[in-house]
Amino acid sequence: QVQLVESGGGLVQAGGSLRLSCAASRRTNSNYAMGWFRQAPGKAREFVAAISWSAGRTSYVDSVKGRFTISKDNAKNTVYLQMNSLKPEDTAVYYCAATRFWSTTTAAYDYWGQGTQVTVSS
């Protein structure tokens with residue numbers, strides 16, 4: 001079992017920045033990867049970014065490339081999502097999740113955090 005706790009959400013004006021953190025209770029397998037997803041009201045949960053613990057391989061959805069950066073601190077079992085140049089359409093509940101395999105699909109992730117609200121005002 002892995003517990004994930006997100007923090008760092010909030011209200012920000014368009015063009016601003018936020019950094020989300022996700023602390024994992026433990027890492028059970030070096031192949032575990034971590035992902036960030038988001039869900040806006042009335043929409044399906046969507047992939048945002050992922051990073052592998054060992055090699056630091058990353059992937060991003062096209063809509064956030066060049067604005068968001070995912071990173072990790074292996075010693076702290078923590079993953080970050082630095083979000084710059086935020087837009088109103090980035091408004092959503094952001095979730096971090098853990099998977100045993102490299103994946104950008106929701107179904108592949110076994111463990112989920114409780115979510116943190118990000119609201120971008122225009």
Side-chain angles (χ1 to χ4, degrees):
Q1 192 74 10
V2 178
Q3 281 78 46
L4 304 174
V5 179
E6 302 104 332
S7 61
L11 173 64
V12 65
Q13 289 188 330
S17 298
L18 283 174
R19 189 176 81 154
L20 305 182
S21 299
C22 174
S25 59
R26 66 193 184 110
R27 283 187 290 138
T28 61
N29 186 308
S30 62
N31 291 325
Y32 257 93
M34 298 290 291
W36 285 98
F37 293 77
R38 65 187 179 186
Q39 188 166 19
K43 294 188 177 181
R45 191 170 298 188
E46 67 167 349
F47 168 78
V48 175
I51 189 166
S52 64
W53 281 115
S54 56
R57 175 184 179 184
T58 61
S59 181
Y60 299 91
V61 67
D62 286 346
S63 60
V64 307
K65 286 180 180 177
R67 300 189 299 122
F68 291 12
T69 302
I70 190 170
S71 61
K72 61 185 178 69
D73 184 332
N74 287 37
K76 296 182 179 179
N77 287 349
T78 299
V79 174
Y80 305 96
L81 185 67
Q82 178 66 43
M83 305 185 294
N84 298 328
S85 302
L86 282 161
K87 304 175 181 180
E89 52 263 44
D90 294 317
T91 295
V93 177
Y94 283 70
Y95 299 89
C96 73
T99 179
R100 289 166 289 174
F101 312 101
W102 177 254
S103 177
T104 61
T105 61
T106 306
Y109 284 74
D110 303 299
Y111 305 104
W112 293 82
Q114 80 286 355
T116 185
Q117 177 70 46
V118 171
T119 302
V120 184
S121 63
S122 57

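Keep in mind the model is a prediction, meaning the values are calculated, not measured.
Between Tyr109 and Phe37, the ring centre distance stays below 6.0 Å.
To the nearest 0.5 Å, atom OG of residue Ser59 and atom CD1 of residue Ile51 are 11.0 Å apart. Considering OG1 of Thr106 and OH of Tyr95, their distance stands at 11.5 Å, rounded to 0.5 Å. The CZ atom of Phe101 lies 9.0 Å from the OH atom of Tyr32; values are rounded to the nearest 0.5 Å. Residue Met34 holds its CE atom at 8.5 Å from OG1 of Thr78, rounded to the nearest 0.5 Å. If you take CD on Glu89 and OG on Ser122, they are separated by 10.0 Å, rounding to the nearest 0.5 Å. For the atom pair CD (Gln114) and OG (Ser7), the distance works out to 8.5 Å, reported to the nearest 0.5 Å.
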>> Please determine whether side-chain contact (heavy atoms from CB on, under 4.5 Å) holds for the pair Gln117 and Thr91, giving the CA-CA distance in whole Å, both sets of side-chain angles, and the decisive distance to 0.1 Å.
In response: CA-CA 8 Å; Gln117 177 70 46; Thr91 295; 4.0 Å; yes

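At least one side-chain heavy atom of Arg38 sits under 4.5 Å from a side-chain heavy atom of Asp90. With a 4.5 Å cut-off on side-chain heavy atoms, Cys22 and Trp36 count as touching.
A donor atom on one side chain and an acceptor atom on the other are not found under 3.5 Å apart for Ser52 and Ser54.
For Phe68, there are no ring-ring contact (aromatic ring centres under 6.0 Å, His included) partners two or more places apart in sequence or in a different chain.
Applying the salt bridge (charged side-chain N to carboxylate O under 4.0 Å, His left out) test to pairs two or more places apart or on separate chains, none has a residue in residues 5-24.
Within the 3.5 Å criterion, the main-chain N or O of Tyr94 finds no donor-acceptor partner in the side chain of Thr116.
Minimum interatomic distance between Val2 and Ala24 (heavy atoms only, all atoms of both residues): CG1-CB, 4.3 Å.
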For residues 79-88, which side-chain donor-acceptor pairs fall under 3.5 Å, sequence neighbours excluded?
{"from": "Gln82", "atom 1": "NE2", "to": "Asn84", "atom 2": "OD1", "distance (Å)": "2.9"}
{"from": "Asn84", "atom 1": "OD1", "to": "Ser17", "atom 2": "OG", "distance (Å)": "2.9"}

